[in-house]
Amino acid sequence: MLKKIIAIGLTAILSGHISFAQQSGFKVNKKVLSLVRSDLKRAADQYKILMKQLPPDKFPKSYNAKTGKFETSGSGWWCSGFYPGTLIYLYENNKDQVLLSEANRMLALLAKEQYNKTTHDLGFMMYCSFGNAEKAEPKPEYKQILINSAKSLSSRFDPKVGCIKSWDSKRPEYLVIIDNMMNLELLFYATKVTGDSSYYKIAVTHANTTMKNHFRPDYSSYHVVNYNPGTGAVQQKRTAQGYSNESAWARGQAWGLYGYTVMYRETKDRKYLEQANHIAKFILTNPNLPADKIPYWDYNAPNIPNALRDASAAAVMASALLELCRYVSHQEGHNYFSAAETIIRNLSVAPYLAAKGTNGGFILEHSVGHIPENTEVDVPLTYADYYFIEALSRYKNFNTK
Ligand code: GLY
């Protein structure tokens with residue numbers, strides 16, 4: 001009998017049907033865990049510095065160390081949800097009321113974006129903020145704001161194309177970017193709380209269309225696919241923020257990895273798990289991924305090894321891998337977990353982790369926003385901080401959950 005149970009267990013593990021966290025022998029590294037705890041404390045201290053510099057009605061965007069200029073935005077900028085979302089993660093980690101009350105102040109400023117139908121970024125803006133708030137301290141108004149946001153986001157879906165539109169254009173084109181995979185989690189939430197499956201169907205259709213058209217045979221992805229708005233046919237595949245149309249922009253690969261991991265979590269459809277695994281393989285076996293696993297801003301940047309690194313892409317990868325490792329076989333899971341650990345270790349020291357009291361209060365240095373437009377180049381960014389803190393929380397929770 002015992003032999004039979006062991007045999008069934010082994011088969012389940014080898015076939016990937018038991019999550020990595022449930023498997024025996026899984027352990028977080030004590031040194032990394034202690035680093036994670038100290039990072040989380042440092043991050044809370046940094047954000048208390050950052051909050052003091054913020055004009056009352058503005059959201060943090062970046063900081064220029066050379067000029068000392070603190071960059072801010074209004075609530076309509078695609079990154080407006082990351083600061084309140086990070087504050088909530090930090091609050092969950094240390095229960096410091098100062099962080100929560102600052103998060104609440106920002107949520108009040110952000111709430112009006114629930115009706116914004118001019119952006120595809122509502123998932124980033126509203127789910128990273130109100131979604132986190134709803135998980136930490138549920139309130140009926142958060143739920144309603146999230147439902148309204150999902151409605152606004154869904155208004156950008158066109159069944160002919162099979163995608164949510166990313167960027168509006170005056171030309172006869174329908175532009176969809178790989179980043180848009182990150183906005184689908186909001187739609188799954190909306191179906192769960194309303195019972196209305198239309199949000200779920202939009203998310204699945206968008207993910208399927210993107211899987212078909214955005215990826216190359218090696219599972220790297222184009223940044224932008226331009227569809228014919230009349231027929232839904234692909235007109236062009238190109239980049240906007242990467243080095244070239246045929247290059248692999250690092251953050252785009254990270255968005256895809258994270259996006260298809262969420263798709264598997266929400267649907268349990270194994271084709272999404274396979275997609276996430278293929279993307280992970282492209283990233284982790286890429287000859288241009290440095291040993292510290294902080295990618296250059298583009299895997300095909302011309303001046304590697306002297307190209308800029310992108311800490312934001314690394315942070316997104318670490319967080320995604322810490323989820324994906326739970327869904328796969330022991331060996332794959334171990335590879336993903338250990339890659340995420342490497343990223344965490346390396347983001348936890350100079351030159352990436354900002355020295356106390358520096359960097360305008362941002363947590364990480366050295367991210368890249370948009371090199372082709374020469375904006376936000378080698379600077380701190382709110383989304384690098386957000387996904388780094390999310391990765392740290394996920395790592396810490398491997399120990400406690
Ligand atoms: N477009 C979102 C990003 O820069 O990743």
Side-chain angles (χ1 to χ4, degrees), residues 39 42-43 45-55 58-87 90 106 121 124-125 128 179 182 223 239-243 249-255 290 292-299 301 303-319 343 346-392:
D39 285 351
R42 163 98 71 105
D45 292 344
Q46 281 293 96
Y47 265 37
K48 285 184 179 172
I49 294 169
L50 188 151
M51 69 180 70
K52 289 199 187 110
Q53 306 185 52
L54 205 53
K58 293 289 185 194
F59 289 73
K61 204 171 168 191
S62 186
Y63 174 77
N64 184 326
K66 286 186 199 113
T67 61
K69 191 161 181 270
F70 188 82
E71 309 270 353
T72 61
S73 76
S75 61
W77 176 239
W78 76 276
C79 300
S80 54
F82 294 124
Y83 174 55
T86 305
L87 288 165
L90 292 173
M106 298 312 292
D121 284 319
F124 281 125
M125 293 158 70
C128 295
D179 325 27
M182 297 296 285
H223 186 196
T239 198
Q241 284 166 257
Y243 165 62
W249 173 51
R251 199 163 51 255
Q253 312 315 304
W255 292 145
D292 63 11
K293 298 196 173 13
I294 315 296
Y296 298 104
W297 70 281
D298 191 300
Y299 290 92
N303 50 341
I304 289 172
N306 299 316
L308 288 174
R309 306 290 194 95
D310 180 12
S312 77
V316 175
M317 280 153 55
S319 187
I343 295 173
N346 288 305
L347 290 182
S348 298
V349 290
Y352 297 107
L353 192 74
K356 279 183 197 168
T358 67
N359 206 32
F362 286 87
I363 301 159
L364 291 179
E365 299 188 53
H366 303 299
S367 288
V368 163
H370 199 322
I371 286 200
E373 272 189 358
N374 199 25
T375 53
E376 299 180 339
V377 177
D378 200 18
V379 291
L381 290 167
T382 49
Y383 44 98
D385 286 2
Y386 177 89
Y387 288 101
F388 179 52
I389 298 305
E390 184 177 86
L392 297 180

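The structure displayed is predicted, hence computed values, not measured ones.
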S319-E390 side chain donor-acceptor pair, cut-off 3.5 Å: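 Checked: S319/E390 side chains pair up, N/O donor to acceptor below 3.5 Å.
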Gap separating the [atom1] atom of [X] from the [atom2] atom of [Y], nearest 0.5 angstrom:
X	Y	atom1	atom2	value
Y296	L308	OH	CG	10.5 Å
D179	H223	CG	NE2	4.0 Å
I304	Y299	CD1	OH	9.5 Å
R42	I363	CZ	CD1	10.5 Å
R309	L347	CZ	CG	10.5 Å

Residue pair F59, F82: steps toward the ring pair (Phe, Tyr, Trp, His ring centres under 6.0 Å) verdict: CA-CA 9 Å; F59 289 73; F82 294 124; over 10 Å; no
Which atom of P60 lies closest to which atom of F362, heavy atoms considered: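 It is CB-CZ, 4.0 Å.
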Closest non-hydrogen atom pair between W297 and P372, with its separation: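 That closest heavy-atom pairing would be CZ3-CD, 4.4 Å.
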Side-chain heavy atoms of [X] within contact of [Y], under 4.5 Å:
X	Y	answer
N64	V379	no
S312	R251	yes
M51	L87	yes
I389	L90	yes
L50	F70	yes

Mutual orientation of the aromatic rings belonging to Y83 and Y47 [parallel < 30°, tilted 30-60°, perpendicular > 60°]: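 Answer is tilted, since the angle falls between 30° and 60°.
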Residue from Y386, Y383, W78, W77 passing ring pair (Phe, Tyr, Trp, His ring centres under 6.0 Å) with F124: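 Per the ring pair (Phe, Tyr, Trp, His ring centres under 6.0 Å) rule, the option paired with F124 is W78, out of Y386, Y383, W78, W77.
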All pairs passing side chain to side chain donor-acceptor pair (under 3.5 Å) where residues 356-369 contributes a residue, at least two apart: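 Every side chain to side chain donor-acceptor pair (under 3.5 Å) pair that includes a residue of residues 356-369, provided the two are not neighbours, is H366-D378.
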